[in-house]
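Written below as structure tokens is the structure these notes are about.
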Amino acid sequence: MCHSRTTTHHMADDKKLTTRAKDFSAWYNELVLKAEMADYSPVKGCMVIRPNGYGIWERMQRALDDMFKATGHQNAYFPLFIPESYLHKEKEHVEGFAHEFAVVTHGGGKKLEEPLVVRPTSETIIYSMFAKWVQSYRDLPILMNQWANVVRWEMRTRLFLRTTEFLWQEGHTAHATHDEAEAEARQMLGVYRDFMEGYIAMPVITGQKTDSEKFAGALRTYSCEAMMQDNKALQAGTSHNLGQNFARAFELKFQSEQGTEEFAWNTSWGVSTRMVGGLVMTHGDDNGLRCPPLLAPIEMVIVPIYKTDEERSQVLEAANNIAKSLGAWDRREYARLRIHIDSREGIKPGAKYYEWELRGIPLRLELGPRDLASNQGVLVRRDTKEKRPVSLDTLGEDVADVLSAMQRDMLAAAVDRRDANSHRKPMSYDAFRQLMDGEGGFVYAGWCGMASCEAEIKADTKATIRCLPDEEFRSAEVPTTCLKCGMASTVEALWAKAY
RNA sequence: CGGGGCGUAGCGUAGCCCGGUAGCGCGCCUGCUUCGGGAGCAGGAGGUCGCCGGUUCAAAUCCGGCCGCCCCGACCA
């Protein structure tokens, strides 16, 4: 209703999200809660993932799982509880995680002989089992993945981005050689990148972590770094070459072709429900979520419009026919549309529009008597708000075209936004500090390789080296001096504030 | 764990300073009219005012203690 703005002002404020420009953090929380993606739980730091959020996670799982299978991996499941002693077998690993342990000390009313740690990650228990299963080089490689929950006792939590318990997948592999493990770690980083760009429409910079940021116990860590709309970086996935560190700790040995006894080489890699938060902060707008079509639990919602009962039954019949033909169960996955008809009574169409926009459903088909009279509907894109009439005869093709265009456009828009907030020209340290103090962004700059420079920059600005970018992401003009100390640069680094 | 803020109906809040019938908006239920961008009217349901104790004739309000949550920082996917 466009009348009496002043009298409806309070009501409107109740329903609208805080804008991103006003308070990005408040916007994010309100969006996640109001779109019913998640809610706070009775347990501090733990969240409830509601159907609107879980549906996105399910689609993420499905796509990723197919990609893992296509690259030769199999799913398995290992216990939630890990004997405390296992976690202590790899020194760096326990040092990195010990302060986040949740520990079970009692079971069945009795004190346990050995405390059990609720897994923060499963390297230790998985490689202890691999050790049992591997004797010969012929038993390698092992390419395994598990979908699981993990617990890390974080100080401060945020819905989806950091919670005490979270859902993820963790891939674990064992190989006969360093190079094979390295290739695996790089391959899975590539899978993550393909998924993030192809499905989440979230562009990422891939690269290697510095020693101070690498996984506890790893030889090398690679990561995918995405830029959120507040110009902060989100580490969206990591892949580790674990070297022989865990193999030594758990005596994961094999006899080589030459008859010698060797330690295996491991990799592990994971992505989590954090990606759902990344999706929100990459694509959400002031009206709510914008969900990339490939991950949307519902791709198109049909909103019927009518006045009389007779019109209502006509419009609903037409809607049902559309849903039946385009969403038919016997269609192939890629051709079957996920359609919902919002047939709720007593809610006006306008109110439904706002609700589905908040939830990020990519397409809306408005269907009313005037449309039916001309065998058409009005198709509205969530990303651009573009509205146009479409013939019901060619609706299936039209919708498929628009959905794939949206998927492409959303990625392109995210790439543009990231590039517009990336800085590759030589920058003084003062200018860098000012930038990080203000609007932020990704800064590509030289680094001398000293941990002290890295630490001082973090202390000064809260910015960290997100990664040492892979070749394709490096600047055309190679930086020559360290951002901090001005000494000769040994490598190009990507600096940003991060979640 | 340090700093800040907040706990009153499902949600958001007023009332608290200055003690005296717990109010408003949204949402919810019923009915009628509506329905192409957050509907209108009428009626209605819903409250241990976070918890424990103290002061008082009387406490949401004053005092003491505790608990919880959110935000900012240090730690982290």
Side-chain angles (χ1 to χ4, degrees), chain A residues 1-5 7-16 23-26 28-30 33-34 36 39-45 95-100 120-121 150-170 192 209 212-213 215-216 221 223-226 233-240 268-278 287-288 303-309 311-312 315 344-358 364-373 377-378 380 385 387 389 458-459 462 464 498-499:
Chain A
M1 302 281 102
C2 55
H3 68 282
S4 63
R5 245 196 100 68
T7 56
T8 57
H9 188 73
H10 185 75
M11 179 188 74
D13 277 357
D14 259 13
K15 293 183 174 176
K16 276 190 176 141
D23 185 344
F24 191 80
S25 184
Y28 175 82
N29 286 334
E30 286 174 26
L33 293 170
K34 287 189 176 176
E36 297 180 358
D39 203 351
Y40 296 107
S41 79
V43 183
K44 182 179 176 164
E95 281 171 4
F97 282 103
H99 57 99
E100 302 185 328
T121 179
V150 286
V151 168
R152 298 179 186 178
W153 217 261
E154 302 287 354
M155 297 282 183
R156 205 177 136 223
T157 57
R158 292 198 66 190
L159 296 170
F160 285 115
L161 301 175
R162 180 173 300 106
T163 44
T164 301
E165 177 190 13
F166 59 96
L167 306 183
W168 78 345
Q169 60 69 217
E170 47 183 325
Y192 287 159
K209 287 290 191 185
S212 72
E213 297 269 336
F215 178 75
T221 291
S223 77
C224 295
E225 302 286 334
L234 183 77
Q235 179 176 305
T238 49
S239 181
H240 318 289
S268 70
W269 26 276
V271 292
S272 71
T273 37
R274 168 180 265 198
M275 290 190 298
V276 178
N287 296 313
V303 178
I305 297 156
Y306 49 81
K307 286 187 171 69
T308 64
D309 281 350
E311 283 177 348
R312 177 168 193 271
V315 169
R344 288 175 299 172
E345 287 189 77
I347 301 174
K348 291 180 48 163
K352 294 180 179 179
Y353 300 166
Y354 280 100
E355 187 176 319
W356 294 111
E357 280 169 9
L358 176 62
R364 174 174 80 238
L365 185 69
E366 304 174 1
L367 206 58
R370 291 210 300 269
D371 297 309
L372 291 188
V378 176
V380 189
K385 294 274 178 70
K387 255 185 183 192
K458 186 176 180 182
K462 289 170 201 152
T464 49
Y499 275 95

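Bear in mind that the values here come from a model prediction, so they are computed numbers and not experimental data. Throughout, protein chains are lettered first and strands after them, A, B, ... in sequence-line order, and every chain is numbered starting at 1.
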For [N] and [X] - does any side-chain N or O of the residue sit under 4.0 Å from the phosphate oxygens OP1/OP2?
X	N	value
A/Asn287	B/G37	no
A/Lys16	B/G12	no
A/Lys348	B/G36	yes

Quick one: look up who [N] pairs with, Watson-Crick or G-U, both distances under 3.5 Å, and put none if it's unpaired.
N	value
B/G43	B/C29
B/C62	B/G54
B/C6	B/G68

Under 4.5 Å between any side-chain heavy atoms of A/Trp168 and A/Arg274, yes or no?
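They are not in contact (no side-chain heavy atoms under 4.5 Å apart), so the answer is no.
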
Protein-nucleotide distance ([X], atom [atom1]; [N], atom [atom2]), rounded to Å:
X	N	atom1	atom2	result
A/Tyr28	B/C71	OH	C1'	15 Å
A/Phe97	B/C75	CZ	P	15 Å
A/Arg158	B/C75	CZ	P	17 Å
A/His99	B/A74	NE2	P	15 Å
A/Asn29	B/C6	CG	P	18 Å
A/Arg344	B/C35	CZ	C1'	14 Å
A/Glu345	B/U34	CD	C1'	13 Å

For the C1' atoms, the ones on B/G37 and on B/G73, what distance do you get once it is rounded to whole angstrom?
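One C1' to the other, the span is 43 Å.
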
Across the strands shown, which category fits A/Lys352 at heavy-atom distances under 4.0 angstrom: base, sugar-phosphate, nothing?
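Result for A/Lys352 = nothing.
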
Please work out if A/Lys209 contacts a base, only the sugar-phosphate, or nothing of the nucleic acid, heavy-atom cut-off 4.0 Å.
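No contact.
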
So is A/Arg364 actually on top of A/Tyr353's ring, under 6.0 Å and inside 45° of the axis?
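Verdict for A/Tyr353: a cation-pi partner in A/Arg364.
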
Under 3.5 Å, is there an N or O donor on one side and an acceptor on the other linking the side chain of A/Lys307 and the base of B/G36?
no

Check if the side chain of A/Glu311 and the base of B/G36 share a donor-acceptor pair of N or O atoms closer than 3.5 Å.
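No.
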
Considering only side-chain heavy atoms of A/Arg274, which listed nucleotide, B/A77, B/C71, B/C35, is closest?
B/A77

